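Just so you know, ligand 1 is whichever comes first in the structure, and atom 1 is the first atom listed for that ligand. Owing to the predicted nature of the structure, the values given are computational and were not obtained by experimental measurement.
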Amino acid sequence: MATVWHQWIRKSIQSSSTLRAVHTLKVDPSQPMLKSPPLISLDLPDVWTSNVMDFDPPSIGECSNERRARVIDGKLMAEKIRAGIAGEVIRMKESIGKVPGLAVILVGHRRDSQTYVRNKRKACEEAGIKFAMAILPDSCTKDEVCEALSSFNGNPSVHGILVQLPLPDHLDEEKILNLVSLEKDVDGFHPLNMGNLAMRGREPLFIPCTPKGCIELLVRSGVDIMGKKAVRHHATVSTVHALTSNPEQITREADIVISAAGVPNLVRGTWLKPGAVVIDVGTCPVEDPNSEHGYRLMGDVCYEEAVMVASAITPVPGGVGPMTIAMLLVNTLNSAKRAFNFH
Ligand SMILES: Nc1nc(=O)c2c([nH]1)NC[C@@H]1CN(c3ccc(C(=O)N[C@@H](CCC(=O)O)C(=O)O)cc3)C=[N+]21
């Protein structure tokens, strides 16, 4: 399972349009997939998971045409998690007089990146997490990015560093990401964190926010697919990408479909097994003069079709995006707790 997520993450962060990946998770049908909700999911404290289940678990394979899929509300889930983090930040401040800090490096002027960073800043401020940002022009040099990075690396009030991706083409993403201090790698993109995530029995310091958010979405919806359990329960995972010859057929076998292709309406209703759980990671900005910032986000899944076939589905916006941000705050809080030895 861990290996699979590693591949998934690697693909999901390569946002190039040449890579169109749809990732499907297939669960062994002889094993019951739905169980009572776990008390603790991932490494979040109980405070966020004591009330894990907001709804009845979806019944896979029992979705009739008259019933629309349950909409998994990532926005609401993320709000609850962020409220829990705010409480933890207050507890930290009251007992040791310190708060967590997140630093973001934003290069260039992509509108979507600006929106995501703005959302991250707002979420930090609401939770009492200090937020710092270095904004660099499209034309900046590698040395300028490195300088910003090393100043954040050396700053003891910064516990998490995030380099917003994608970077402009002339900058070497790999070289730059390698410089993020391992202890502050809240995106989980450092090769050592990635490697530990991929290897059985090893614990990465950080799990990348989007996949971590997807797992949380599933677990909190009563779909039991936690990493370790999935391995033990022989989950079978298929990866579908741009060069897969029969993506529709493979996807149709999946009980859980996690799509991260960045191609609007790629996943049609006919691609889905009735009753499947659909997690839409796609965030493709498309022009929309009527919306606030001149564009809106589109997922990979043809929502109106999928909602008639699936048993549960995440919307875009309001699904994975807000959970990604909530997980970033979780990672930042946990990093600060480690730095201060405060638990
Ligand atoms: N180093 C790095 N880490 C990332 O985690 C990372 C990144 N680079 N580059 C881009 C992707 C994408 N991503 C999103 C974050 C928030 C929303 C989000 O807030 N979405 C809202 C709506 C956004 C809006 O207001 O338009 C929603 O879906 O409801 C979406 C997508 C993080 N990424």
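- Summarising the hydrophobic clusters (Ile, Leu, Val, Met, Phe, Trp, Tyr; side-chain heavy atoms under 4.5 Å, direct or chained), the residues clustered with M298 are V286.
- Put simply, the side chain of I129 reaches to within 4.5 Å of the side chain of I85, judged on heavy atoms.
- Listed by first and then second residue, the side-chain hydrogen bond (donor to acceptor under 3.5 Å, both in side chains) pairs that reach into residues 183-192 are S181-E183, D185-N193, sequence neighbours excluded.
- Evaluation of the side-chain contact (heavy atoms from CB on, under 4.5 Å) rule for E292 yields no partner, not counting sequence neighbours.
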Could you pull out the N/O contacts under 3.5 angstrom between ligand 1 and the surrounding protein atoms?
unit_1	atom_1	unit_2	atom_2	d
ligand 1	1 (N)	V163	O	2.7
ligand 1	1 (N)	D187	OD2	2.6
ligand 1	3 (N)	D187	OD1	3.2
ligand 1	3 (N)	D187	OD2	3.2
ligand 1	8 (N)	L165	N	3.0
ligand 1	9 (N)	Q164	NE2	3.1
ligand 1	9 (N)	L165	O	2.8
ligand 1	19 (O)	N119	ND2	3.1
ligand 1	28 (O)	G318	N	3.4
ligand 1	29 (O)	G318	N	2.6

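- At least one side-chain heavy atom of L171 sits under 4.5 Å from a side-chain heavy atom of V145.
- Under the 4.5 Å side-chain contact rule for hydrophobic residues, V320 and L297 do not share a cluster.
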